[in-house]
Amino acid sequence: MSEINKPLNFIEKIIEEDLKTGKITKIQTRFPPEPNGYLHIGHAKSIVLNFGLAQKYQGQCNLRFDDTNPVKEDIEFVESIKKDVQWLGFEWQDEVKYTSDYFDQLHDWAVYLIEQGKAYVCDLNQDETRKYRGTLTQAGQNSPYRSRSIEENLNLFSQMRAGDFDEGHCALRAIIDMSHPNMQMRDPILYRIKKVSHHQTGDKWCIYPSYDYAHGQGDSIERISHSICTLEFEEHRPLYDWFIENLPVPSTPHQYEFSRLNVNYTITSKRKLKQLVDEKVVDGWDDPRMPTISGLRRRGFTPQSVRKFCELAGVTRTDGVVDVATLEFTVREDLNENVPRAMCVLNPLKVILTNYPEDKVEILHAPGHPFKDGFTPRVLPFGREILIDQADFREAANKKYKRLVIGKRVRLRNAYIIEADAAIKDADGNIIEVHARIIEDTVGKNPTDGIKAKGVIHWVSAADNIDCEIRIYDRLFTQAEPEAGGADFMQCINPDSLKIIKGCKVEKAIAIDQREVQYQFEREGYFIQDSQDSHTDKLIFNQTISLRDTWAKINKS
RNA sequence: UGGGCCGUCGCCAAGCGGUAAGGCACCGGGUUUUGAUCCCGUCAUUCGUAGGUUCGAUCCCUACCGGCCCAGCCA
């Protein structure tokens, strides 16, 4: 509703024009992943675009697995992809579709092309094919098999299908133009022999259609109105159109290209992501440092935040690199609004409140959320011994430091104001505990002597808390563009991308029985219980993102 | 060096002949029991460069410069 003034992106403009002129009456899009790996943030943009457009214009979007190359694909990936699309919050139309659903039709159309004298079986091997194709600046040469008769081609193609030839022995090619300046038009391959079984069609086929031959026809069969893909497919468009024009297809879809999403300090290449997994730089495809959808999910990013990020990035034809800070902004924005608060001390330092009775325990209260209703209020046991973070105490400090300092006061969040008296040290001079006093009657109010506390720190009861492990993540790469100029991204892996902190103490009130519960641990950041390794007897939280930290900047300067 | 595409603030991105939206980041200030949030405010006399057309150009023309993609029986 608040988007009335939001400018349309170029695809939306095309759609609105098509709708206005009556060129089309219903928007139909599709998200066509190849099930050969896990989806990443770049795919998220395509998903948000395709499903989003269908939603916006009351059309529909198909999920279609582009499964034309069984040697690289696996059913494992179709399952993870379905899960990721659903997690992002989208629903595809009808059943999941597969390009392989159309193998029969595609085959018949290939025969049709042969009958029209527009396709031939070529016996050139891969090496020869490359040589005949020419180069970027030199025209190619016609294959010596290009002029076979229709009958011979029909025969050969049926033998190909029957499995009479070995892999690589021959291929079906379109007859277009070997001297075309667009390399894609130099008699592209339609079918190749691959004697492998397919995750959907089993052993029915030993020839498989190429992407170029299959994609547009699949779009046509599904009545796709706008076939949206990334820029690198732009030079395939004339070929896409050639098939649509030369085949008796049921509809005439059109391809539009947009620039793919790049994010700094990360990589979005299935091959390179796989390398990180294979070489154990990360724990797996869903490692919280991975830019995969499953990694983002495990890290604690929400579907809304990922969608918002994709929308913020925009849809254009300009190559660009979006700042990862934008993604961090969208998660913080979402989590701040929708996640309950709790206190967790990462690096505990004991504080003994010397004027507080030894056996007294008070029950203090805190809201589940500072500015939204509907969150369960918290109950905080308060006693003589509490834990604060080591970073929140200094023996002496200048005025800018607004935390606990000897002789100074600080507010314990949701509790008393305290004043520090002494730091107790061990033989090596390390501070092992702090002696302090509470200022009476300061829960929920300021002291009567008028001396307020400068700052607020978080704490947890020393006697009554839950132990947990916290995993802090940092960017995986030290360079903003790990892939720039063909650089070796493995050379700029951040050695400190994962920091594990054990012995953290979190308040009792948290819901440890729920997997993937998220909290803002006040003054620290947003955390989510790890979906793989956390158990009720061994709690583990992943830091999704820290809070914005102005103090860190001040402290540095 | 053949063909295609792209160049507006540090990063995204509107604008499409009438005199530079917005978001992120950054930097100031205010509120605050999270140094968070929230709220205000600053932030492109200039649109890759050079010419040209025009009363007027980021928008039109020309040339140049820079970047990306294409020579898989991958998608």
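Computation of the quantities below employed the complete heavy-atom set of this structure, encompassing side-chain atoms and omitting hydrogens, waters and symmetry-equivalent molecules. Chain identifiers are assigned alphabetically (A, B, ...) following the order of the sequence lines, protein sequences preceding nucleic acid strands; residue numbering begins at 1 within each chain.
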Return the pairing partner of [N] with a 3.5 Å limit on both distances, Watson-Crick or G-U wobble; otherwise return none.
N: B:U58; answer: none
N: B:G66; answer: B:C6
N: B:C47; answer: none
N: B:G41; answer: B:C27

- Item | From CG (A:N62) to CD1 (A:I221), nearest 0.5 Å |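 One finds 12.0 Å between CG of A:N62 and CD1 of A:I221.
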- Item | Nearest-0.5 Å distance that lies between atom CE in A:M343 and atom CZ in A:R523 |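 Rounded to the nearest 0.5 Å, the CE-CZ separation comes out at 10.5 Å.
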The side chain of [X] is closest to which nucleotide in this list: [options]?
X: A:K553; options: B:G35, B:C26, B:A21; result: B:C26
X: A:T326; options: B:C24, B:U34, B:C70; result: B:C24
X: A:L136; options: B:U37, B:U33, B:A71; result: B:A71
X: A:A313; options: B:C74, B:C12, B:G35; result: B:C12
X: A:V456; options: B:A36, B:C70, B:U33; result: B:U33

With a 3.5 Å cut-off and heavy atoms only, can you find an N or O donor on one side and an acceptor on the other between the side chain of [X] and the base of [N]?
X: A:E234; N: B:G4; answer: no
X: A:R403; N: B:G35; answer: yes
X: A:H458; N: B:A36; answer: no
X: A:R341; N: B:U34; answer: yes

Establish, with yes or no, whether the OP1 or OP2 oxygen of [N] is under 4.0 angstrom from a side-chain nitrogen or oxygen of [X].
X: A:R523; N: B:G35; value: yes
X: A:K13; N: B:G15; value: yes
X: A:T316; N: B:A13; value: yes
X: A:R130; N: B:G72; value: yes
X: A:S259; N: B:C5; value: no
X: A:R192; N: B:G72; value: no
X: A:K308; N: B:C24; value: no
X: A:R133; N: B:G72; value: yes
X: A:T68; N: B:A75; value: yes

Euclidean distance for [atom1], [N] against [M] (whole angstrom):
N: B:A44; M: B:G52; atom1: P; value: 29 Å
N: B:U8; M: B:A13; atom1: P; value: 9 Å
N: B:A21; M: B:A36; atom1: C1'; value: 29 Å
N: B:A14; M: B:C27; atom1: C1'; value: 24 Å
N: B:A71; M: B:A63; atom1: P; value: 28 Å
N: B:A57; M: B:C43; atom1: P; value: 25 Å
N: B:U19; M: B:C24; atom1: P; value: 26 Å
N: B:U32; M: B:C68; atom1: C1'; value: 48 Å

- Heavy atoms under 4.0 Å, any strand shown: does A:I545 hit a base, just sugar-phosphate, or nothing?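 Counting heavy atoms under 4.0 Å across all strands, no contact is made by A:I545.
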- Tell me what A:T135 touches on the nucleic acid: a base, only sugar-phosphate, or nothing, going by heavy atoms under 4.0 Å.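 Base: the residue A:T135, judged by heavy atoms under 4.0 Å, touches a nucleobase.
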How close or far is atom [atom2] of [N] from atom [atom1] of [X], stated in whole angstroms?
X: A:Q520; N: B:G35; atom1: CD; atom2: C1'; value: 13 Å
X: A:R317; N: B:G4; atom1: CZ; atom2: P; value: 13 Å
X: A:Y213; N: B:C73; atom1: OH; atom2: P; value: 17 Å
X: A:Y211; N: B:C70; atom1: OH; atom2: P; value: 14 Å
X: A:H180; N: B:G2; atom1: NE2; atom2: P; value: 15 Å
X: A:Y519; N: B:A36; atom1: OH; atom2: C1'; value: 19 Å
X: A:E522; N: B:G35; atom1: CD; atom2: C1'; value: 14 Å
X: A:F258; N: B:A13; atom1: CZ; atom2: C1'; value: 16 Å

- Which label fits B:G72, syn or anti, where anti is any glycosidic angle not within 90° of 0?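 Here the answer is syn: the torsion falls within 90° of 0.
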- Task: From the options A:E257, A:H254, A:R237, A:R30, select the one residue that forms a side chain to side chain donor-acceptor pair (under 3.5 Å) with A:S227.
- Result: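 Per the side chain to side chain donor-acceptor pair (under 3.5 Å) rule, the option paired with A:S227 is A:R30, out of A:E257, A:H254, A:R237, A:R30.
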Would you call [X] and [Y] a salt bridge, using N to O less than 4.0 angstrom?
X: A:E333; Y: A:K308; value: yes
X: A:E419; Y: A:K408; value: no
X: A:K272; Y: A:E483; value: yes
X: A:D101; Y: A:R64; value: no
X: A:K445; Y: A:D441; value: yes

